[in-house]
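A short write-up of the structure that comes next.
Side chains are part of it too, since the values below use all heavy atoms of this structure and drop only hydrogens, waters and symmetry mates. Counting starts at 1 for both ligands and their atoms, in listed order. None of the values given here were measured: they were computed from a predicted structure. Note that the numbering runs from 1 along the sequence shown for the chain.
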Amino acid sequence: MSEEKLRFFDLSPSEFREILARNGFPGFRASQVRRWVFSRKTDSFGEMTDISKPDRAKLIGLFGETVFSGKLAAETTSDDGTKKILIEWPDGHRVEAVLLRDERDHRTGCVSTQVGCAMGCRFCASGLDGFVRNLSRGEILEQIVRLNALLDEPLRLTHLVIMGTGEPTLNLDALLPALAEATSPDGLDIGNRRVTISTVGIPGGIDKMTAADLPYKLAVSLHAADDRTRSEIIPQNRFFGIRPILAAAERYFQKTGRRVTFEYILIAGVNDSAADARRLTDLLNRKTAIVNIIPYNPVPELPWKTPSTRATLAFVRALEEGGIQVKVRFRKGDGINAACGQLRRSYRAPEEE
Ligand code: SAH
């Protein structure tokens, strides 16, 4: 019979210290364990060799063999070095997390905040099967720790993007404590300003982030410059419309001084015309907005297509000529189902058929 174990990453640092104290560990054990986990990338208590054997056995009794509560269900690597992992939680649900590397030597972790997604964006694989549940703070942090451990010593994650499956602003109660640990010098020590939270654009969710006065970057998935087109591809838009989202993003900028990134996936024949570029230029505040153009990453089940490189560059040029600051993110991880939700889906499909 397996007894219920404590889940390491779901405990705050002070809760962890209290539990060890209550179980008779010496006071310095908590920081020793945390150092093994966060600095030395060791997940199993048995390998924490400067901890006495009886204390290691006691830790295993409380938490199980490792600090992880999920298990690795799959790991894939693409030619460009992008790695994707699929983690299965004890309840059988799975989430994916991605490690991206680039020529600037950025090592970026991309993590999920929910199992499935309720937003139902028409172009996205994550929401195809709807929403299952929120992830806990520990489940979000475990993804980050596992991605960090994929890097050979002495390399560490340099950046974090909350762009996996799920809508982060609907699970801030779990996300923010996880990010606090990921950015703490006593945790993974990733720079605050190198963390980006991407939202579908819920004004109330953005305002919650503004009120929390976070040091993180905000990205908004705009993807269209008029409400008709945006509501077609992002059904949530019908409830808010673009203007209130832009106003909330502006408030975020005013409070934090951080420019907001507007993500814009280019989908052939949907939002990639010269008129779309003009509308987008007119819509955004040149001083506070940055546009991130992302050529659509095709999802096998969906009909949407990626525009040609020529069309993509023409769109980018039109924005730049309109005075908008633009970045282009060409696709990474092709061949390993790197677009949101694709690995999770491809692993489940065979069982269902
Ligand atoms: N729910 C949040 C974060 C998750 S999605 C949000 O909507 O921002 C992260 C980004 O990937 C979003 O901009 C999303 O619109 C985009 N995305 C989803 N499917 C994609 C695909 N197939 N190709 C390119 N980008 C995609």
Side-chain angles (χ1 to χ4, degrees), residues 82 84 95-98 100 108-131 134-135 140 143 159-172 174-175 179 195-203 205-206 209 216-224 229-237 239-240 242 245 248-249 252 260-268 270-272 290-307 312 327-346:
T82 303
K84 189 153 195 170
V95 297
E96 51 193 59
V98 186
L100 303 120
T108 304
C110 173
V111 298
S112 298
T113 52
Q114 298 179 319
V115 180
C117 183
M119 298 299 100
C121 299
R122 302 278 309 280
F123 48 81
C124 178
S126 290
L128 284 175
D129 302 307
F131 173 75
N134 275 332
L135 294 177
I140 297 172
Q143 294 173 67
H159 292 73
L160 208 51
V161 294
I162 314 306
M163 296 187 185
T165 297
E167 170 49 33
T169 65
L170 299 180
N171 193 15
L172 288 175
L175 176 62
L179 291 181
V195 175
T196 303
I197 300 179
S198 175
T199 172
V200 71
I202 300 172
I206 296 172
M209 286 181 54
Y216 311 126
K217 275 197 225 169
L218 171 66
V220 175
S221 297
L222 193 60
H223 303 338
T229 310
R230 193 169 192 271
S231 296
E232 260 169 34
I233 57 177
I234 303 179
Q236 291 299 312
N237 192 63
F239 300 114
F240 315 114
I242 291 174
I245 299 169
Y252 188 84
V260 175
T261 297
F262 292 92
E263 296 157 283
Y264 194 102
I265 53 175
L266 276 182
I267 309 177
V270 173
N271 63 358
D272 65 339
I290 298 171
V291 173
N292 195 349
I293 295 291
I294 309 156
Y296 182 64
N297 192 356
V299 176
E301 295 90 332
L302 300 175
W304 316 96
K305 301 241 172 344
T306 315
T312 304
K327 289 184 203 158
V328 192
R329 184 187 335 140
F330 281 99
R331 290 180 351 233
K332 285 200 169 292
D334 275 11
I336 60 163
N337 301 314
C340 320
Q342 290 186 20
L343 182 66
R344 176 167 162 257
R345 283 185 64 74
S346 66

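Between the side chains of Thr199 and Glu167, a donor-acceptor pair is found at a separation under 3.5 Å. Between the side chains of Asn292 and Glu263, no donor-acceptor pair is found at a separation under 3.5 Å.
The backbone N or O of Asp272 lies less than 3.5 Å from no partner atom in the side chain of Tyr264, so there is not a single donor-acceptor pair.
Contact atoms of ligand 1 toward Cys124: 18 (C), 19 (N) (distance under 4.0 Å to a heavy atom of the residue). Remark: ligand 1 atoms within the under-4.0 Å shell around heavy atoms of Ile265 are 24 (C), 25 (N). Taking a cut-off of under 4.0 Å to the non-hydrogen atoms of Ser221, the atoms of ligand 1 that pass are 6 (C), 7 (O), 8 (O), 12 (C), 13 (O), 15 (O). Using a 4.0 Å cut-off to heavy atoms of Val299, the atoms of ligand 1 that qualify are 22 (N).
Ligand 1 lies less than 4.0 angstrom from a heavy atom belonging to Glu263. The closest approach between Cys117 and ligand 1 stays at or above 4.0 Å for every heavy atom of the residue.
For ligand 1, one of its N or O atoms has an N or O atom of Gly166 under 3.5 Å away.
Contact annotation for Glu167 and ligand 1: heavy atoms of both the backbone and the side chain come within less than 4.0 Å of the ligand. By the criterion of a heavy-atom distance under 4.0 Å, the side chain of His223, and not its backbone, is placed next to ligand 1.
Lys84 and Glu96 are joined by a salt bridge, as a carboxylate oxygen and a charged side-chain nitrogen come within less than 4.0 angstrom of each other.
The side chain to side chain contact (heavy atoms under 4.5 Å, CB included) check on Ser231 picks up Asn237, Arg238, with sequence neighbours excluded. Looking at residues two or more places apart in sequence or on another chain, you find a side chain to side chain contact (heavy atoms under 4.5 Å, CB included) between Lys305 and Ala268.
For the residues Tyr264, Trp304, Phe123, the heavy atom positioned nearest atom 17 (N) of ligand 1 is part of Phe123.
Phe123 and His223 have their aromatic ring centers within a separation under 6.0 angstrom.
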